[in-house]
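Quick note: residue numbers are just sequence positions, from 1. We count ligands from 1, going down the list as the structure has it; atoms in each ligand are counted the same way.
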Amino acid sequence: MSESDKVILVTGGTGLVGRAIETVVKENKNETEKWIFVGSKDADLCDKVSTEKLFEKHKPTHVIHLAAMVGGLFYNMKHNLDFLRRNIHMNDNVLQTAHENGVVKVISCLSTCIFPDKTTYPIDETMIHNGPPHSSNYGYSYAKRLIDIQNRGYYEQYGRLYTSIIPCNVFGPNDNFQPGASHVIPGLMRRLYDIIKEGNTEDKEFTVLGSGKPLRQFIYSIDLAKLIIWVLREYESVEPIILSVDESQEVTISEVAEAIAQAFNFKGKLVYDLSAAEGQYKKTASNAKLRKYLPDFQFTPFKQAIKETTDWYIKNYDQARN
Ligand code: NDP
C-alpha cells in the first residue's frame, strides 16, 4: 500500500451490516484499500479513551461508523433512555476522535425509523428534523438525528466531509435473533425455527404479533453493503442519503411472515395476535436521491434474500446471536 491509500475502520464490524460489508469486500478486493472491522471487544466506543486507543492503533483515513445500540420495537420501548445515552456517547466519541486524528471521511448510520411520526409520505432526506419521532423509539431517534447536526457542525467549523446514510430495515446473515431484542424478520425467523425444530409442522400454529398489515421496506444486508461501499468511494456530500429499496418494493408484515414460512417449508397455519403493539403503520421512504446516482442498481428479490437468510440461519444456528 502507498501513503495515498485508504485505511478504512468499520465500527460495528461484527454486526449484521458490518459482516455484510466484510463479505462484499472479500469478494471484490481493491488493493488500494485496507479494511479493519472492529467490535465491542476491540474498544468500548462509549468510552473516549478506549476510542482514542482504537484510532491510535489503526490510524484510519476513513471510518464507516456502524456501532450502535440497536434493537426492535419492544426492546426500544423499554430502554429509551439507554438507547439515547449510549448512542450519543458512541457517536460523539467516534466523530470527535476521527476529527482529532485527521480522518478525511466518516460515514455514520441513521435509520428511516428516526423520522417524524406525523409526516407526509414518502419521507426524504430533507425531513429528518421536521417533528418528534414515534414515542416508541424516541431515545434511538434523537441520538441518531444528532449525528446529522454534528456532521454539519464539523463541516461548518472544520470543512470535514462527515456524512450519514439512512438505511431502511435491514436483514440478512449475522442478524440478532435474540427474543426480545431482535427486529421483526430475525424475530419471526427465530420463533418459527423453534417450532420447525420440533418436527412435523402440519398441525402447528405460528403466531405473528400484530395485524400483519403494517408496511415496511426491507433491504438485504448484502445490497446495503454494496451501497455503503459506493458511498465511501463516490458520494462526496455532508447531506444524508437514504439507502432503501424502491417504494414499489414495500411489503406488509404478513407478506414477510409468509415468505419466511415458505423459506422454512412450514406447513402449518399463520395466526395474528391483534392485541400486540405494532408501531407505525408505514414509514415509506423515497430512494429518489439514490436512484439519481445509481438508476440501474439491482436489489436482490425479497423472497430470494429471505431464503438466503433462513438457509444461513439453519446452517449457522449454533454460532448465531440467539
Ligand atoms: P448490530 O446490532 O448487528 O451490531 C451492532 C454493532 O455495534 C456490533 O458490531 C457491536 O459490537 C457494536 N457495538 C455495540 N455497542 C458497542 C460499544 N459500546 N462499543 C463498540 N462497539 C459496539 O447492528 P446492525 O449491523 O444491525 O446496525 C448497524 C448500523 O445500522 C447501526 O448504526 C444501526 O443503527 C443502523 N441501522 C440498522 C438497521 C437494522 O435494521 N438493523 C436499520 C437502519 C439502520 P459486538 O457485536 O462486538 O458487541
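When only modelled atom types and interatomic distance are considered, Glu308 and Tyr220 share a side-chain donor-acceptor pair under 3.5 Å.
Contact of the Tyr317 side chain with the Asn322 side chain is registered, since non-hydrogen atoms from C-beta on lie closer than 4.5 Å.
In the hydrophobic clustering, where aliphatic and aromatic side chains (Ile, Leu, Val, Met, Phe, Trp, Tyr) are joined below 4.5 Å either directly or transitively, Tyr138 groups with Leu84, Ile88, Tyr142, Leu146, Ile149.
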Distances under 3.5 Å, N/O of ligand 1 against N/O of the protein: list each pair and its distance.
residue, atom, partner, partner atom, Å
ligand 1, 3 (O), Leu16, N, 2.9
ligand 1, 3 (O), Arg321, NH1, 3.4
ligand 1, 3 (O), Arg321, NH2, 2.7
ligand 1, 7 (O), Ala68, N, 3.4
ligand 1, 9 (O), Gly12, O, 3.3
ligand 1, 9 (O), Thr14, N, 3.4
ligand 1, 9 (O), Thr14, OG1, 2.7
ligand 1, 9 (O), Gly15, N, 3.2
ligand 1, 11 (O), Thr14, OG1, 3.3
ligand 1, 11 (O), Ser40, N, 3.3
ligand 1, 18 (N), Asp44, OD1, 3.0
ligand 1, 19 (N), Ala43, O, 3.3
ligand 1, 19 (N), Leu45, N, 3.0
ligand 1, 25 (O), Leu16, N, 3.1
ligand 1, 25 (O), Val17, N, 2.9
ligand 1, 32 (O), Leu66, O, 2.8
ligand 1, 32 (O), Lys144, NZ, 2.8
ligand 1, 34 (O), Tyr140, OH, 2.6
ligand 1, 34 (O), Lys144, NZ, 2.9
ligand 1, 40 (O), Val170, N, 2.9
ligand 1, 46 (O), Thr14, OG1, 3.0
ligand 1, 47 (O), Thr14, OG1, 2.8
ligand 1, 47 (O), Ser40, N, 2.9
ligand 1, 47 (O), Ser40, OG, 3.3
ligand 1, 48 (O), Ser40, OG, 2.5

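Qualifying ring-ring contact (aromatic ring centres under 6.0 Å, His included) partners for Phe115, counting only residues two or more places apart in sequence or in other chains: none. In this view, His99 and Tyr154, Tyr158 satisfy the ring-ring contact (aromatic ring centres under 6.0 Å, His included) rule, not counting sequence neighbours.
Note: Cys109 SG to Ile147 CD1 = 8.0 Å, rounded to the nearest 0.5 Å.
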